[in-house]
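Beneath this line is the structure, given in structure tokens, with notes to follow.
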Amino acid sequence: MQPSTITAYLLANRAFVAPTVEQAVGALELAGRTRLLDAGTGAGGGLVALARAGDPAARVLGIDRNPQALALARAHAEESRVASRVETREGDLLEALAEASAPGEGFDAIWASDVVWPGNFADPAGAVGALAGALSPGGVLALFSSNYYQAQFLPGHSRLQQKLRTASELNWGIPGGGPTHYERHVHWAVAAGLRNVRVRVLPRVAFPVDDDPTARPYLERVVWPELLDAARGKGREAGMDDGELELAEALLTPGSDRYLLDEPGYYLVHSMLLVTGER
């Protein structure tokens, strides 16, 4: 992606998930927890939510290896008037977690949003183990997932969406199942030895779609480009025929006479997941 495209992607994604992130962070009960980590901070949605919800004495460290994303995160913290409570660091997450595993260096809470999956870690279970090991005794780990592949993006076209999902997984090199599959956050939390592991489902519904000012930008700048890229690159491998490839282009291309968002009955259902556990 070009830098401007990456920025548009990150900002549209941050805006759409922001209400759900605020809800999820609010469920962590951060009172009294003063050393917080946003692992893979991206554009800073979690960073700001943690700073707002945390103890007045809390400080939040955001780590990411993408300098462009960190610049957006810092700007977001400034605009949200929480910059004095946050710090950002460019670097490798696993190295930072190894440092925090030393006695007295652990975090009271760690937030990891859409960061632990096989696209980022060859061993996602090991990454969750490292996150758990970087907690102070009694610390809480929050694994948040936008649950992208379970969202209902194409109501009325379920078979096509299933094939687009498969094409996307193939495009990202994601396994179709097994111990590194992206849906195994609960399994990884349990394997890491965390206590009181819980799963929360946080639904998001947009209908009519333009009643939510963040939904159309999210679909048009994040979802549609990703699905179309997957269809063009891996659609055949996912079992799409000529008609399905043409239909995907028509449904997901703004200005098309079959454009999905122009249908009066279009709705979006996006149920996100929060997995928590304590050390």
Side-chain angles (χ1 to χ4, degrees), residues 1-18 20-22 24-25 35-52 59-80 82-83 85-100 107 109-124 126-128 130-131 134 141-149 168-169 171-174 180 182 185 188 214 217-230 233 272:
M1 290 186 187
Q2 297 295 322
S4 60
T5 304
I6 294 172
T7 297
Y9 177 102
L10 290 170
L11 293 179
N13 188 75
R14 185 182 74 193
F16 179 75
V17 302
T20 313
V21 166
E22 292 278 356
V25 168
R35 192 158 187 249
L36 314 180
L37 173 66
D38 183 8
T41 194
L47 189 75
V48 167
L50 289 165
R52 285 173 172 164
R59 295 296 178 267
V60 188
L61 172 63
I63 295 178
D64 203 289
R65 59 189 178 191
N66 184 332
Q68 187 175 347
L70 285 176
L72 295 175
R74 287 190 291 269
H76 189 41
E78 290 280 357
E79 293 161 1
S80 304
V82 296
R85 300 177 64 182
V86 307
E87 175 190 350
T88 60
R89 182 192 304 174
E90 181 183 347
D92 182 82
L93 176 59
L94 292 180
E95 291 179 3
L97 295 176
E99 295 172 9
F107 292 96
I110 298 177
W111 169 266
S113 172
D114 280 334
V115 68
V116 183
W117 65 297
N120 286 335
F121 299 98
D123 179 13
V128 173
L131 288 164
L141 173 61
L143 301 172
F144 178 82
S145 171
S146 62
N147 205 25
Y148 177 84
Y149 289 115
S168 177
E169 290 174 334
N171 211 29
W172 285 101
I174 298 173
T180 62
Y182 54 82
H185 287 83
W188 300 330
T214 69
Y218 172 68
L219 291 167
E220 293 185 336
R221 298 174 190 172
V222 176
V223 181
W224 294 169
E226 194 277 326
L227 292 181
L228 284 174
D229 181 64
M272 307 184 201

Checklist entry - Between CG of L97 and CG of D92, what distance do you get to the nearest 0.5 Å? => result 8.5 Å

Checklist outcome for this item: Sequence neighbours excluded, the answer for side chain to side chain contact (heavy atoms under 4.5 Å, CB included) partners of A43 is L10, R14, L72

Item to check | N66: side-chain hydrogen bond (donor to acceptor under 3.5 Å, both in side chains) partners, not counting sequence neighbours | outcome: none

Checklist outcome for this item: Hits for side chain to side chain contact (heavy atoms under 4.5 Å, CB included) against A142, two or more places apart or cross-chain, chain-then-number order -> L28, W111, L274, T276

Item to check | Atom pair CD/CG of E226 and N13 - distance to nearest 0.5 Å | outcome: 11.5 Å

Next on the checklist: Just to verify, what does F107 make a ring-ring contact (aromatic ring centres under 6.0 Å, His included) with, not counting sequence neighbours?
Outcome noted: none

Checklist outcome for this item: In short, L93 meets A39 closest at the heavy-atom pair CD1-CB, 3.7 Å

Checklist outcome for this item: To the nearest 0.5 Å, atom OH of Y218 lies from atom OH of Y9 at 7.5 Å

Checklist outcome for this item: So CZ of R221 and CG of L11: to nearest 0.5 Å the spacing works out to 8.5 Å

Checklist outcome for this item: For E90, the side chain to side chain contact (heavy atoms under 4.5 Å, CB included) test, sequence neighbours excluded, returns P67, L70

Item to check | Heavy-atom pair with the smallest gap, counting every atom of A12 and V222 | outcome: CB-CG2, 4.0 Å

Checklist entry - In chain order, what residues pass the side-chain hydrogen bond (donor to acceptor under 3.5 Å, both in side chains) check against W117, with sequence neighbours excluded? => result none

Next on the checklist: Once side chain to side chain contact (heavy atoms under 4.5 Å, CB included) is applied, do any residues pair with A96, and if so which ones, sequence neighbours excluded?
Outcome noted: I63, R89

Next on the checklist: Test of understanding: with salt bridge (Lys or Arg N to Asp or Glu O under 4.0 Å), list the residues that count as partners of E169, not counting sequence neighbours.
Outcome noted: R165

Checklist entry - If you round to the nearest 0.5 Å, how far is OG of S80 from CZ of R85? => result 12.0 Å

Checklist entry - side chain to side chain contact (heavy atoms under 4.5 Å, CB included) between V128 and L141: does it pass, once the steps are laid out? => result CA-CA 9 Å; V128 173; L141 173 61; 4.1 Å; yes

Item to check | Listed partners of T20 passing side-chain hydrogen bond (donor to acceptor under 3.5 Å, both in side chains), at least two apart | outcome: none

Checklist entry - Tell me, which pairs form a salt bridge (Lys or Arg N to Asp or Glu O under 4.0 Å) where one or both residues lie in residues 42-52, sequence neighbours left out? => result E22-R52

Next on the checklist: Looking at every non-hydrogen atom in both residues, tell me the closest pair between V86 and A51 and how far apart they are.
Outcome noted: CG1-CB, 3.8 Å

Item to check | Those residues that, when tested against Y148, pass ring-ring contact (aromatic ring centres under 6.0 Å, His included) (two or more places apart) | outcome: F153

Checklist entry - Which residues satisfy the side-chain hydrogen bond (donor to acceptor under 3.5 Å, both in side chains) test with S146, sequence neighbours excluded? => result D114

Checklist outcome for this item: Output for pair (N147 CG, Y182 OH), nearest 0.5 Å, gives 8.0 Å

